[in-house]
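See below for the structure under consideration.
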Amino acid sequence: MKIIAIGRNYAEHAKELNNPIPGVPVIFMKPDTALLKDNKPFYHPDFSEDIHHEIEIVLKVSKEGKHISEKFAPNYFDEIAIGIDFTARDIQQRHKEKGLPWELAKAFDNSAAVSNFVGKDKFADLKNINFKLDVNGNESQIGNTSLMLFSFDYIISFVSQYITLKKGDLIFTGTPQGVAKVNIGDRLEGYLENEKLLDFFIK
Ligand code: MG
């Protein structure tokens, strides 16, 4: 499986990092070795002094497809989860300044924390889902999918014009504002609506 992630999909987050609002989705990928599941702890790597949390809604691709039209995109995912796109912001900043790719900042081991998945049918409106991240009990990031620049369906359609989606692939759909550094000892709790699905520590 592969992990595809969308950058700058919430305008207020793009602004907080002084990035332009994109006209087309910004795409990057993480390898399967980035996956962190079952609320296992995230071990802070030595190569960065500024690892940020990015809470995001994650789609799980339910069948293979390419050149998927937006109209049929809902047929290609049945379940969603909450995840954290851990980002080495210091490395990313250096690479951005030089126009270099982001892999070392985004694709490192355990950089894609994902909760258990829930059926999308549980949600009355996928374009109005609340999600949030608490760090040490304090609300740190609050998002709602109505604020996405590019919808789930548009993302699936767009990505599949370039990259064949396969069953089991994951798509991180972007983070709202409030990204910040994580520290050893922090407790991260992620909510999809009122259900707590992520609860783990930085070690
Ligand atoms: Mg992200």
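Numbering of ligands and ligand atoms starts at 1, following listing order.
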Do the side-chain N and O atoms of Lys181 and Asn183 include a donor-acceptor pair separated by under 3.5 angstrom?
yes
Those residues that, when tested against Asp199, pass salt bridge (charged side-chain N to carboxylate O under 4.0 Å, His left out) (two or more places apart)
Arg187, Lys196
Could you pull out the N/O/S protein atoms under 2.8 Å of the Mg ion (ligand 1), ignoring any water?
Glu54 OE1, Glu56 OE2, Asp85 OD2
Who pairs with Glu16 by salt bridge (charged side-chain N to carboxylate O under 4.0 Å, His left out), at least two apart in sequence or on another chain?
none
Pairing of Glu12 and Lys15 as salt bridge, 4.0 angstrom limit:
yes
Does a donor on one side chain sit under 3.5 Å from an acceptor on the other, for Ser146 and Asn144?
yes
Residues 57-67 side chain polar contacts: donor-acceptor under 3.5 Å, at least two apart:
| from | atom 1 | to | atom 2 | distance (Å) |
| --- | --- | --- | --- | --- |
| Ser62 | OG | Tyr76 | O | 3.2 |
| Ser62 | OG | Phe77 | N | 3.4 |
| His67 | ND1 | Gln161 | OE1 | 3.4 |

